[in-house]
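Encoded as structure tokens, the structure appears first; notes follow it.
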Amino acid sequence: MSRDHVQSTERPGEGPPAPPGAAETPFLELLARGASADAYEQPVLLARAEGRPPEWIAALEHAKPLALRVRSELEGRRRREAELSALFETAHDLAGLRDLDAVLRAIVQRARSLLGTDVAYLSLNDPARGDTYMRVTEGSVAARFQQLRLGMGEGLGGLVAQTARPYVTDDYFKDDRFQHTTAIDAGVRDEGLVAILGVPLTLGDHVIGVLFAADRRARVFEREQIALLGSFAALAAAAIDTANLLTETRSALADLERAHEIIQDRSAVIERASDVHDRLAALVLRGGGVHEVTAAVSEVLDGTVEFTDATTAPARALEAFRTENHAVRHGDDWYAAVTAGGELLGALVLRGHPALDPVDQRTLERAAMVTSLLMLARRSAAEAEQRVRGELLDDLLDARDRDPRLLRERASRLDADLDAAHVVLAARLDGVTADADVEADARRRLWSAASHLAATRHGLAAARDGGTVLLLPLEPGDTATGLARRTARHLGTAVHDAVTVGASAPVERLRDDRDAVPTAYREARRCLDALRLLGRTGDGAAAEDFGFLGLLLAADRDVEGFVDRTIGQVVAYDERRGTDLVRTMDAYFACGMSPARTKDALHVHVNTVAQRLERIARLLGEDWQSPARALEIQLALRLHRLAAPEHR
């Protein structure tokens, strides 16, 4: 017969007595499966429901508190084991510290998990500002709370930081032991916190921050929980101290490495300076050239050093050098001016070295000084050549009876080609001074700069009529105007004064046409005088720049060229299309620029006149009716009409 059948036949209250140890069995099962404390009421309730004897129920009642006590002990041991494990893991993190923020985040996360709080966070003191700020938060959702800064003595955290003692509040907003502020209360309210526990992070006698655990409901923190959070705070303080020591150690090592590198660099710099001194001295003794200086300095400075003339170097950098007498940085480059007697000859430029050692900077300056010495020596030798060049240009300007073959030989020795197209340029200083010596010196500097330019451009230069005249070859694609303007800028930069330059039209057959150079010089002088009368000092121009006035300035009176430049596109359009735009323009100006009167003069519809005027605007530009353009166009029309076959 089964046990269930036996129990069903027994009357309530008459069951057999409980065997020894039977009352503990259900509680052992509950302990084994880790049941909740509420489950320990079930064995007693079940026994009563089954009508067990009083002795049985009494035994269960006696076993229940013992089982609950064992359960509590086991729970405590498990909790302490988890706490010790967490502390051990945190200590292990600290031992292998690589990232301070990662260690602090792990501490805050474990504190929140073990204490079972909604939020945990850590703040650090800021000695410079005299307050404490949030460093790490876990479980926080409010941005304002995460950005809080607490003054010393403000809020619960400020009180902990100031007193170096743990503080706990069951209800933050009802606690008046600490100073409430609007900003802190607003942050705590945004986060919804009620119960807060804070323990200090201390290094020796100094508080460096606070570790917090907080709930969004009222709660009483037990003594063991306060002690546990204090243990985490001690580990956090140790982590911060270790990180600070590591930072200081790394900084000290970095400083030592930098000092070692500086010593090595200084040694290498001194060796380079000695090397460049020996090389430059040797260059001076043997009369080397500028390219040899740049090559030697490039090798010593481990960079690219070039010589650039005054026109291409940045004016601001050169002016700064003349003011400070030191190499100056411009972008990623360094410039050291090459000067002699107040004259700017050019500059040495070190490319792509934004961070230049002071010793290397002085090396570049010394190289610029050596370059100026070499250039002066070369200039002394070149002055004789310049005089020869001046004499040849004087002969081209003055001598009537000359042998073309002899002129060609003389020019060839000076590396000048008289068979190429040339431009004659008249240059003059525009500064007025009452001191004759100062003016004479300025003219000499202008002649020297012009002679140097002529030598580098395979041309000729001579002093004449209180200024300088140059004969320079015209490069393919270049114009007399462009050459005149560049020459004005170059000479003005070289002598540090405004130089005005007038240019002739390109001339050829210099050897064969004895009047070519004198005639071109007179044309250049007229352009120079026109520029000065117009107030365009310091500028350069040719006759072609003055519009119809160029006809008066030019030596050859190039009427056909003026007409072509002014209305050539309209004339060509008429010839290609068989249209009558030129006659329309002539009638339009004759009728006072009135389309209505023009259509009567041409016997066409006014719309036809309008269409022709639109076509003319597309060919000549929208400003063709402006006063200045209209004047030149009317003159070109008159000259075109006079040059027509019926007027010949």
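Small disclaimer: the values here were computed from a predicted structure and weren't measured.
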Note to self: What's the separation between atom CD1 in I616 and atom CG in L581, rounded to the nearest 0.5 Å?
What the structure shows: 5.0 Å
Next item on the list: Kindly determine whether V495 and L429 satisfy side chain to side chain contact (heavy atoms under 4.5 Å, CB included), including the steps that lead there.
Entry: CA-CA 9 Å; V495 301; L429 284 166; 3.9 Å; yes
Checklist line | Pairs meeting criterion ring-ring contact (aromatic ring centres under 6.0 Å, His included) with involvement of residues 462-482, two or more places apart | finding: none
Item checked: Spacing of E622 atom CD and E614 atom CD [to the nearest 0.5 Å] -> 9.0 Å
Next item on the list: State, with a plain yes or no, whether a side-chain heavy atom of W334 is found less than 4.5 Å away from one of R351.
Entry: no
Notebook entry, point to check: Quick one: NE2 on H605 to NZ on K599, what's the gap to the nearest 0.5 Å?
Noted result: 7.5 Å
Check: For A484 and A541, which heavy atoms make the closest approach, and how far apart are they?
Finding: CB-N, 3.6 Å
Margin query: With a 4.5 Å cut-off on side-chain heavy atoms, are V424 and L470 touching?
Written below: no
Note to self: Within the structure provided, determine whether T598 and M585 are in side-chain contact (heavy-atom separation under 4.5 Å).
What the structure shows: no
Next item on the list: Under the side chain to side chain contact (heavy atoms under 4.5 Å, CB included) rule, what do R485 and R489 come out as? Steps first, then yes or no, please.
Entry: CA-CA 6 Å; R485 289 176 177 169; R489 288 197 301 270; 4.1 Å; yes
Margin query: Please give me the minimum heavy-atom distance between L619 and Q569, naming the atom from each residue.
Written below: O-OE1, 2.6 Å
Next item on the list: Please confirm whether the backbone N or O of W447 pairs with a side-chain atom of S451, one donor and one acceptor, at under 3.5 Å?
Entry: yes
Check: Which distance, rounded to the nearest 0.5 Å, do you find between the CZ of R486 and the OG1 of T481?
Finding: 10.5 Å
Margin query: Regarding T584 and R612, do their side chains bring together a donor and an acceptor under 3.5 Å, going by distance alone?
Written below: yes
Notebook entry, point to check: Can you tell if the side chain of Q625 reaches within under 4.5 Å of the side chain of Y588, non-hydrogen atoms only?
Noted result: yes
Check: Between L602 and A587, which heavy-atom pair has the shortest distance, and what is it?
Finding: CD2-CB, 3.8 Å
Note to self: Classify the ring geometry of W624 against F589: parallel below 30°, tilted from 30° to 60°, perpendicular beyond 60°.
What the structure shows: perpendicular
Next item on the list: With rounding to the nearest 0.5 Å, note down the distance linking CG in L460 to NE2 in H422.
Entry: 6.5 Å
Note to self: Working note: V507 + V517, criterion side chain to side chain contact (heavy atoms under 4.5 Å, CB included); need CA distance, chi angles, decisive distance, verdict.
What the structure shows: CA-CA 8 Å; V507 292; V517 176; 5.6 Å; no
Next item on the list: Might you point out which heavy atoms bring A427 and V499 nearest each other, and give the distance in Å?
Entry: CB-CG1, 4.1 Å
Check: Does the side chain of E306 reach to within under 4.5 Å of the side chain of L348, using non-hydrogen atoms?
Finding: no
Check: Looking at residues at least two apart in the chain, or sitting in another chain, which of them share a salt bridge (Lys or Arg N to Asp or Glu O under 4.0 Å) with R583?
Finding: D580
Item checked: Identified side-chain contact (heavy atoms from CB on, under 4.5 Å) counterpart of L425 within the set L483, L453, L471 -> L483
Check: Considering all heavy atoms of both residues, which atom of L472 and which atom of G459 are nearest to each other, and what is their separation?
Finding: CD2-CA, 4.2 Å
Item checked: Close side-chain approach of R629 to D623, heavy-atom, < 4.5 Å -> yes
Next item on the list: Run the numbers on L253 and R258 for side chain to side chain contact (heavy atoms under 4.5 Å, CB included), then give the verdict.
Entry: CA-CA 9 Å; L253 288 174; R258 283 195 296 271; over 6 Å; no
Check: Say you draw a straight line from CD1 of I633 to CG of D586; how long is it, rounded to the nearest 0.5 Å?
Finding: 12.0 Å
Check: Which pairs count as side chain to side chain donor-acceptor pair (under 3.5 Å) when at least one residue sits in residues 460-477, sequence neighbours excluded?
Finding: D394-R464, D398-R464, D465-Y521, D465-R525
Next item on the list: Using atom types as modelled and distance alone, determine if a side-chain donor or acceptor of R443 lies under 3.5 Å from a backbone N or O of G467.
Entry: no
Item checked: Distance-minimising heavy-atom pair for S504 and A520 -> CB-O, 3.3 Å
